[in-house]
Amino acid sequence: MASSRKYLNYTTPWGVDLARVAKSGWTPFLIHESGYQHALEDWNHSGVDSPFWRFYYNPKPGCHLLFQGRKIPLEPKKAVLIPADTVFDCCGPVQACHFWLHFTTARPGVSIPAAPIVISVDDYLRAMLTQLIATHSQRPTPLRDHRLHHLSAALLHSVFATLEIDSPPALPERIVEVLALIARAPHSKLSNSFLAERAGMSIERFIRTFREHTGQTPAAYVLATRLRLAGEALALTDKTIDQIAIEHGFPNRHYFSRMFARQVGCGPSEFRARQRERKGR
C-alpha cells in the first residue's frame, strides 16, 4: 500500500505567489453593516460624512448623490464606492431601492482621494448583488448573517480588483507586524523606542524605514490610526467619549477632542450627533 506523500512547499513553479501581495498594504475588509431596503421613504441627507467606507447600489433608478456640485446617479448599471471621510449628499426624489455596505479598510503609504468612485456593474457583479439582496430577504438567523458576511467580502474583493490603483512594494515583515500591533492595541504606549524595539531596529533606522514604506512618521501614523478607530467607535458604539478616548490611547477626553476636531473639523460630540441623526445611511 503506497504511503501518502506530504507536499511541504507552499509554492510551485506554476502558480503565482500571492504572499507578497498580501503584504502590500491593504488591511482586510472589516465589514460593519450590510443592508437592503426595497423602498426607503426619505433618503434625503445633506453633508453625509463617515470614518468608514461605503458601497452603494440601487437596483431601481431615480436617486442620486451630490458631490461638490456633481450629480452621480444611482442606477442598475452603476454602483458607487465612497472612501472614508468623503462628504456628500443623498438625494431621494423617489423611494430609494437601496443596497449598502459600510466597511473599513486602509492602505499605508497610499492616499485615496476623498471622492466617490463609480463602478460599472457587469453581469458578474450583478449576480453577486442579486444573491446578496436575496439573502437579505431570508429569515434572520446566524447562518443568514454568516452568508451575508462572506458574500459582502467577496463583493468588495471583486470591486476593489477593478480599481486602477498603483501597487506599492511589499512592506517588510517587521513593519507589517508593527502596523498590526498599532491597529490591535491603540491604547498602548506606542512610542518610537517601543515600536523600534518590536521591529528589532535602532530608533533612527526604524523611523527612516517606517516613513519610507508608509509615507508617515510613526507618531503621525499612530495618531491617524487612533483617530480613525476612535471615529468608528463614535459612529458605531454607545461608549462614552471618555471611554473611547482612553481605549484609543488618548490621555483624556479634552486632548482627544482637540485632536479629533483638528483632524475631522468638529468635536466628537457633534460628529456622533450627526451620525445618529442620519442613522448611518
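Note that this is a predicted model, so its numbers are computed, not measured.
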| field | From Phe99 atom CZ to Thr130 atom OG1, the distance as rounded to the nearest 0.5 Å | value |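 If I round to the nearest 0.5 Å, the distance is 10.5 Å.
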| How long is the gap from OG on Ser120 to NZ on Lys78, to the nearest 0.5 Å? |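 Rounded to the nearest 0.5 Å, the OG-NZ separation comes out at 3.5 Å.
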Within the distance-only criterion (no hydrogens, no angle test), does the side chain of [X] pair as donor or acceptor with the backbone N or O of [Y] below 3.5 angstrom?
{"X": "Asn44", "Y": "Gly92", "answer": "yes"}
{"X": "Ser188", "Y": "Leu190", "answer": "no"}
{"X": "Arg211", "Y": "Phe206", "answer": "no"}

Are [Y] and [X] co-members of a hydrophobic cluster defined by side-chain heavy atoms under 4.5 Å apart?
{"X": "Leu74", "Y": "Val87", "value": "no"}
{"X": "Leu234", "Y": "Ile246", "value": "no"}
{"X": "Leu229", "Y": "Leu223", "value": "no"}
{"X": "Leu156", "Y": "Leu129", "value": "yes"}
{"X": "Leu155", "Y": "Ile133", "value": "yes"}

Students often mix this up, so state it plainly: with edges at 30° and 60°, are the rings of [X] and [Y] parallel, tilted or perpendicular?
{"X": "Phe160", "Y": "Trp53", "value": "tilted"}
{"X": "Tyr221", "Y": "Phe210", "value": "perpendicular"}
{"X": "Phe250", "Y": "Tyr255", "value": "tilted"}

| Name of the residue among His149, Arg144, His150 meeting side-chain contact (heavy atoms from CB on, under 4.5 Å) with His146 |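 Single side-chain contact (heavy atoms from CB on, under 4.5 Å) partner of His146 among His149, Arg144, His150: His150.
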| What residue among Val176, Ile175, Leu181 forms side-chain contact (heavy atoms from CB on, under 4.5 Å) with Leu179? |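 Among Val176, Ile175, Leu181, the one meeting side-chain contact (heavy atoms from CB on, under 4.5 Å) with Leu179 is Ile175.
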| message | Tell me whether Gln138 at atom CD has more than 12 heavy atoms from other residues, nucleotides or ligands lying less than 6.0 Å away. | response |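 Counting neighbours around CD of Gln138, more than 12 heavy atoms of other residues, nucleotides or ligands fall under 6.0 Å, so yes.
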| said: Please check if the number of heavy atoms outside Asn252 that lie under 6.0 Å from its CG is greater than 12. | reply: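 Yes - once you tally the heavy atoms of other residues, nucleotides and ligands closer than 6.0 Å, there are more than 12.
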| Pair Arg198 + Glu177: basic N to acidic O under 4.0 Å |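 Looking at Glu177 together with Arg198, the answer is no, because their closest N to O distance does not fall below 4.0 Å.
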| query | Any Lys/Arg nitrogen of Arg228 or Glu232 sitting under 4.0 Å from an Asp/Glu carboxylate oxygen of the other? | reply |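 Salt bridge present between Arg228 and Glu232.
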| request: Could you go through the side-chain hydrogen bond (donor to acceptor under 3.5 Å, both in side chains) check for Glu33 and Trp100 one step at a time? | output: CA-CA 8 Å; Glu33 182 178 86; Trp100 70 92; 2.7 Å; yes
| request: Would you tell me whether Tyr124 and Arg126 have side-chain atoms, one donor and one acceptor, within less than 3.5 Å of each other? | output: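 Distance-only check fails for Tyr124 and Arg126.
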